[in-house]
Each structure stands twice: as structure tokens, then as C-alpha cells.
Amino acid sequence: MSETLGRTTRLELDDQALRDWEAVVLDAGPDGIVLDRSAFYPGGGGQPPDHGVLLWQGVQTRIAGVRKGDDLVLIPVEDDPVPPAGTVVQAAVEDDRRTALMRTHSGLHLLCGVVFRDYGCLVTGGNMEPAKFSA
């Protein structure tokens, strides 16, 4: 069942494979855009937020991040145009990034299981970037 964060229905909770959808802009300004429906993952637990785009009336707004607060707020790339409230947009999550994040996330769960199995230690946190590993 979809949950909401503020005024936004979170579509990614029901369909992790969803990459594009139509939404209505509820609020917009240089600090962020609030949609009525979104599949952008806002990040959390060490996993970074999604990136993507909004397409509207022949214009593109790149989304550089997502912030949770009273609403789910999409963060536009600096100096990109922002659609006004009431605008219908085509939204899309950057598929390659989302897929890499999902795979990295799953791989880290496996790694944590091996650490527990072999060393009896719990991994209690970490940060990740898509398909990046460092020593």
C-alpha cells in the first residue's frame, strides 16, 4: 500500500521498478518541488537519494536530490527552470543510478551477513554510492 510523506504519495514503495510516471506539481520554488505522486527515493539508512528529470511543456528540470521534511521535496539542479504549481509533469528516475543503488544495497546486506557469520559482528551502519567501493 502506498504511503504518503506530506502531500506526496510515494509510488516507489509499491513498485521499485517504476521509473517514469505522470504527476502534478503542488508547490515549487528554487528550494524544491513538491509533487502529488513520486517514485523518487528520498535516501536514508546510508543510501543516497535518486536523481532524475521532470519534463513539462517542452522544458526539462533535472532533479539532483530529494529531501524529506513536511513534504517530499525534489531538489532541482541549480539554475534549471522550475515548473509552476498546477503543472502536469512527466517524471523519471535515472534508471542506471537507481539500478546500481539497488544492487549495491543488496550487496552490502550480503556482506553484512558474511561479517556476522564469519566474525560474529553486527554492522550497524554505513554509507554507499552506486557501484562504488573504497577501502
Side-chain angles (χ1 to χ4, degrees):
M1 195 85 191
S2 292
E3 292 181 22
T4 60
L5 183 57
R7 298 173 283 172
T8 305
T9 300
R10 294 191 52 196
L11 304 173
E12 85 283 4
L13 298 176
D14 285 335
D15 185 357
Q16 296 78 32
L18 182 64
R19 296 296 186 267
D20 55 78
W21 66 98
E22 187 175 274
V24 176
V25 176
L26 300 177
D27 195 12
D31 293 332
I33 302 162
V34 177
L35 302 178
D36 67 333
R37 309 165 1 110
S38 176
F40 284 99
Y41 179 70
Q47 184 168 327
D50 282 325
H51 294 173
V53 296
L54 302 179
L55 303 172
W56 49 284
Q57 301 170 2
V59 179
Q60 175 179 282
T61 302
R62 295 168 294 165
I63 302 302
V66 185
R67 182 177 65 243
K68 290 186 280 190
D70 291 339
D71 286 313
L72 187 67
V73 180
L74 307 180
I75 309 303
V77 169
E78 190 174 339
D79 296 327
D80 268 16
V82 175
T87 302
V88 175
V89 297
Q90 294 297 316
V93 169
E94 187 179 304
D95 182 53
D96 289 344
R97 178 181 168 83
R98 164 71 73 82
T99 300
L101 284 168
M102 291 171 71
R103 289 178 177 166
T104 302
H105 183 227
S106 295
L108 287 172
H109 277 290
L110 292 170
L111 179 60
C112 292
V114 169
V115 168
F116 181 75
R117 181 195 68 202
D118 292 356
Y119 300 99
C121 297
L122 294 173
V123 178
T124 59
N127 290 320
M128 58 178 256
E129 287 296 326
K132 284 187 180 178
F133 302 96
S134 60

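For the single chain, residues carry numbers from 1 onward in sequence order. Just so it is clear, the model here is predicted, and its values are computed rather than measured.
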Student: Within a radius of less than 6.0 Å around CG of D70, do more than 12 heavy atoms belonging to other residues, nucleotides or ligands occur?
Tutor: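 Check fails, neighbour count at 12 or below.
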Student: Among all residues two or more places apart in sequence or in another chain, which pass the ring-ring contact (aromatic ring centres under 6.0 Å, His included) test with W56?
Tutor: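 With neighbours one apart ignored, the set is empty.
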Student: Counting distance only, does the side-chain N/O of D71 pair as donor-acceptor with the main-chain N or O of G6 below 3.5 Å?
Tutor: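 Not a single qualifying donor-acceptor pair exists.
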Student: Nearest 0.5 Å, what's the CD-CD distance between Q90 and Q60?
Tutor: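 Reported to 0.5 Å precision, the distance equals 13.0 Å.
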Student: Looking at T61 and P81, would you say the former's side chain and the latter's main chain have a donor-acceptor pair under 3.5 Å?
Tutor: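 At least one qualifying donor-acceptor pair exists.
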Student: According to the ring pair (Phe, Tyr, Trp, His ring centres under 6.0 Å) rule, which pairs have a member within residues 12-37, sequence neighbours left out?
Tutor: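 Sorted pair list: W21-F40.
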Student: Going from CG on L11 to CG on D36, what distance comes out if it is rounded to the nearest 0.5 angstrom?
Tutor: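 The CG atom of D36 is 8.5 Å from CG of L11, to the nearest 0.5 Å.
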Student: To the nearest 0.5 Å, what is the distance between CG on L74 and CZ on R62?
Tutor: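 Nearest 0.5 Å value for the CG-CZ distance: 14.5 Å.
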Student: Check for me, please, whether V82 and L26 land in the same ILVMFWY cluster - side-chain distances under 4.5 Å, paths through other members count.
Tutor: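 V82 and L26: separate clusters.
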Student: CG of L101 to NE2 of H51: how many Å apart, nearest 0.5 Å?
Tutor: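 Reported to 0.5 Å precision, the distance equals 8.5 Å.
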Student: Would the distance check show the side chain of R7 and the main-chain N or O of V34 forming a donor-acceptor pair, the cut-off being under 3.5 Å?
Tutor: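 Looks like no, no N/O pair under 3.5 Å.
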Student: For the residue pair G65 and P49, what are the closest heavy atoms and their distance?
Tutor: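 Looking at all heavy atoms of both residues, the shortest contact is CA-CG, 4.2 Å.
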Student: Let me confirm one number: the CG-CG distance from L54 to D80, rounded to the nearest 0.5 Å.
Tutor: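 One gets 9.5 Å once the value is rounded to the nearest 0.5 Å.
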Student: Just wondering, do V89 and V25 contact through their side chains at under 4.5 Å, heavy atoms?
Tutor: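 Answer yes - side chains close enough.
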Student: Check the pair E94, D50 against side-chain contact (heavy atoms from CB on, under 4.5 Å), reporting the backbone distance first and the verdict last.
Tutor: CA-CA 7 Å; E94 187 179 304; D50 282 325; over 6 Å; no
Student: Are any non-hydrogen side-chain atoms of L35 and V24 less than 4.5 angstrom apart?
Tutor: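 Counting from C-beta outward, L35 and V24 never come under 4.5 Å.
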Student: Are there over 12 heavy-atom neighbours, none belonging to R103, within less than 6.0 Å of that residue's CZ?
Tutor: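 Result for CZ/R103: open.
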Student: Write down the atom of R19, the atom of T99, and the distance for their closest heavy-atom approach.
Tutor: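 Nearest pair, atom of R19 first, then T99: NH2-OG1, 3.6 Å.
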Student: Answer whether the closest heavy-atom distance between the side chains of V66 and V73 falls below 4.5 Å.
Tutor: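 A side-chain contact is absent here, since even the closest heavy-atom pair is not under 4.5 Å.
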Student: Kindly give the heavy-atom pair with the smallest separation between Y41 and R98, and that separation in Å.
Tutor: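 Looking at all heavy atoms of both residues, the closest pair is N-NH2, 3.8 Å.
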Student: Could you report the tightest heavy-atom contact between K68 and L72, atom names first, then the distance?
Tutor: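 Scanning both residues, the minimum pair turns out to be CG-CD1, 4.2 Å.
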Student: Tell me whether I63 is reachable from V59 by hopping between hydrophobic residues (I, L, V, M, F, W, Y) whose side-chain heavy atoms are closer than 4.5 Å.
Tutor: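 V59 clusters together with I63.
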Student: What is the minimum heavy-atom distance between V93 and A39, and which atoms define it?
Tutor: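 It is CG2-O, 3.8 Å.
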Student: Between atom OG1 of T104 and atom CZ of R97, what is the distance when rounded to the nearest 0.5 Å?
Tutor: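 Between T104 OG1 and R97 CZ, I get 10.0 Å after rounding to 0.5 Å.
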Student: L18 versus E12: any side-chain heavy-atom pair under 4.5 Å?
Tutor: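 Result no, sub-4.5 Å side-chain heavy-atom pair not found.
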Student: For S38 and T8, which heavy atoms make the closest approach, and how far apart are they?
Tutor: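 Smallest heavy-atom distance, with atoms named: CB-CG2, 3.6 Å.
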